[in-house]
Amino acid sequence: MISIKITGTGSYLPPIVAANSDYADIVDTSSEWILTRTGIEERRLSSGEPTWYMAQKAAEQALMSADTDPGELDGIIFATISGDYTTPSMSCVLQGKLGAKNALTIDINCACAGLVYAIDIAYRYLLSGFNKILVVGSENLTKLADYSDRASCILFGDGAGACVLEKSEGIYSSQLGSAGDDGTAIFARSQPPQNVFMTKGSLNEYDRLPLGNKHYITMDGKEIYKWATRIVPETVRGVCQKAGIDKSEIDWLVLHQANMRILEAAMKNLDLPMSKTYTNLQKYGNTSGASIGICLDEMNREGLFKSGQKICLVGFGAGLIYAGVLFEWGRDN
Ligand code: ACO
């Protein structure tokens, strides 16, 4: 059947490194607490590099490794929840910076499932005749962190990951969805809920929650944990069933880098060894829509992918939203 192949990958991590001990100066925490509860040792922070800039750096690397000129791109799909502007979109800005004059541009707001959603959307465009699509996830998440909330601010990092996708032959399946009813488990407001004519309070229950009128991320960590450790295994089983393979045939299961305990619980639930997954949250924390792209680039550079291997990607996050795709590493890469 028609599938996808990743012909090039790239990533960008900003140079500022924040260790766990740096957070102990800001909130009541310790390096040991953060490490044992999350697996995170340090994360990268943009010192002002915009979201589009990190994406551009990752995209240029991906294009170079795919030996692709920006003019050859038919589309750019940009996953972010921390874009620099309400308008124009990040994909429009990136298209201009890259000089990708033939590419259509789409931004998607799919939180930590963003890159996987972008890949599945790209697949649909490839099916309809497009040849080369750039997908990119880029996040400035540390600007949305609430530095008075010790349970959430310690989790996040900034960065970008990108892939060039083309059509290929092989297996492909996907499973995507959301649990919008549980959206208040993690959210951040974009604009204050007011205008000069407003006399009534907001209709949305989000605004009555603590921090509901702030732009910071507010999170119920326990709820996220419970949901994530259930939805990841369900999604993996779903894509395997659709592709007609057993989960034990997956060579690499690349998961959104939320928290080491979520990753370990999901692998255990699936009865798969940790050696079948890849983790870098120790170095980068949770970079939301960028995390799977950064993993793919590191794994590609480390030569971990072999022709014909079955790769499963699963993202999950605010929404609550989830996405899984299963495909083979290109035989002609
Ligand atoms: N340092 C020290 N103590 C802390 C910290 C901290 N950084 N954060 C919370 N605590 C305290 C709490 O205040 C609480 O103290 P109390 O018992 O006196 O009230 C105690 O630790 C236990 O709190 P819990 O919330 O039960 O801590 P838990 O063990 O559940 O760990 C955590 C919190 C790490 C956030 C956990 O709930 C978790 O991993 N949830 C998943 C959240 C996640 O990964 N979100 C990522 C963003 S969403 C996404 O990407 C899908």
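All heavy atoms count here, side chains included; hydrogens, waters and symmetry mates do not. In listed order, ligands and their atoms are each counted from 1. Worth saying up front: this structure is predicted, and the values here are computed from it rather than measured.
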Evaluation steps, salt bridge (Lys or Arg N to Asp or Glu O under 4.0 Å), between E223 and K226: CA-CA 5 Å; E223 282 307 307; K226 274 195 280 181; 2.9 Å; yes
For [atom], state whether the nearest protein heavy atom is under 4.0 Å away.
atom                    : value
atom 16 (P) of ligand 1 : no
atom 20 (C) of ligand 1 : no
atom 4 (C) of ligand 1  : yes

Out of [options], whose heavy atom is nearest to [atom]?
atom                    : options               : result
atom 48 (S) of ligand 1 : I186, D220, T38, I217 : I186
atom 44 (O) of ligand 1 : T29, N259, I154, I40  : N259
atom 45 (N) of ligand 1 : Q257, M219, R150      : M219
atom 41 (C) of ligand 1 : S291, G221, G317      : G221
atom 22 (C) of ligand 1 : R37, K226, E32, R261  : R37

Can you classify the ring geometry of Y172 versus Y123 as parallel (below 30°), tilted (30 to 60°) or perpendicular (above 60°)?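 Y172 vs Y123 ring planes: parallel.
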Check the orientation of Y125 and F130. Use parallel for under 30°, tilted for 30 to 60°, and perpendicular for over 60°.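 Ring orientation, 0 to 90° scale: tilted.
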Check whether any side-chain heavy atom of N269 sits under 4.5 Å from a side-chain heavy atom of R237, and report yes or no.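 N269 vs R237: side chains touch.
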So do the side chains of I245 and L326 get within less than 4.5 Å of each other, counting heavy atoms only?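 Result yes, sub-4.5 Å side-chain heavy-atom pair found.
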What protein heavy atom sits nearest [atom], and how far away is it?
atom                    : answer
atom 35 (C) of ligand 1 : A151 O, 3.5 Å
atom 25 (O) of ligand 1 : K222 NZ, 3.9 Å
atom 33 (C) of ligand 1 : W33 CH2, 3.8 Å
atom 46 (C) of ligand 1 : N286 ND2, 3.2 Å

Taking it one step at a time, do Q175 and T235 satisfy side chain to side chain donor-acceptor pair (under 3.5 Å)? CA-CA 6 Å; Q175 182 152 310; T235 307; 4.9 Å; no
Proximity of D28 to ligand 1 by residue part, where a heavy atom lies under 4.0 Å: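 Near ligand 1, D28 shows its backbone, while the atoms from C-beta on stay back.
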Heavy-atom distances under 4.0 Å are what count here, so tell me which part of Y23 touches ligand 1: side chain, backbone, both or neither.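 Near ligand 1, Y23 shows nothing, with every heavy atom at 4.0 Å or more.
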Heavy-atom count around K310 NZ within 6.0 Å, excluding the residue itself: above 12?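 Yes - once you tally the heavy atoms of other residues, nucleotides and ligands closer than 6.0 Å, there are more than 12.
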A quick test of your reading: do over 12 heavy atoms of other residues, nucleotides or ligands sit less than 6.0 Å from CG of D246?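 For D246, atom CG is crowded (more than 12 foreign heavy atoms under 6.0 Å).
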Looking at ligand 1, is there an atom of it that comes within less than 4.0 Å of some heavy atom belonging to C112?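 Contact present.
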Does an N or O anywhere in H256 fall below 3.5 Å from an N or O of ligand 1?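 Yes - when backbone and side-chain N and O of H256 are compared with those of ligand 1, one distance drops under 3.5 Å.
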Less than 4.0 Å between a side-chain N and a carboxylate O, is that true for R43 and D158?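 No, no charged N to carboxylate O under 4.0 Å.
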Under 4.0 Å to a heavy atom of L155 - the qualifying atoms of ligand 1, by number: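 With L155 as reference, the close atoms of ligand 1 come out as 43 (C), 45 (N), 46 (C).
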For I262, atoms of ligand 1 separated by under 4.0 Å from a heavy atom: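 Matching atoms, with element in brackets: 41 (C), 44 (O).
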Residue from Y117, F316, Y322 passing ring pair (Phe, Tyr, Trp, His ring centres under 6.0 Å) with H256: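 Answer to the ring pair (Phe, Tyr, Trp, His ring centres under 6.0 Å) test with H256 among Y117, F316, Y322: F316.
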Looking only at heavy atoms, what is the nearest atom pair of I217 and S152, with distance?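 Looking at all heavy atoms of both residues, the closest pair is O-OG, 4.1 Å.
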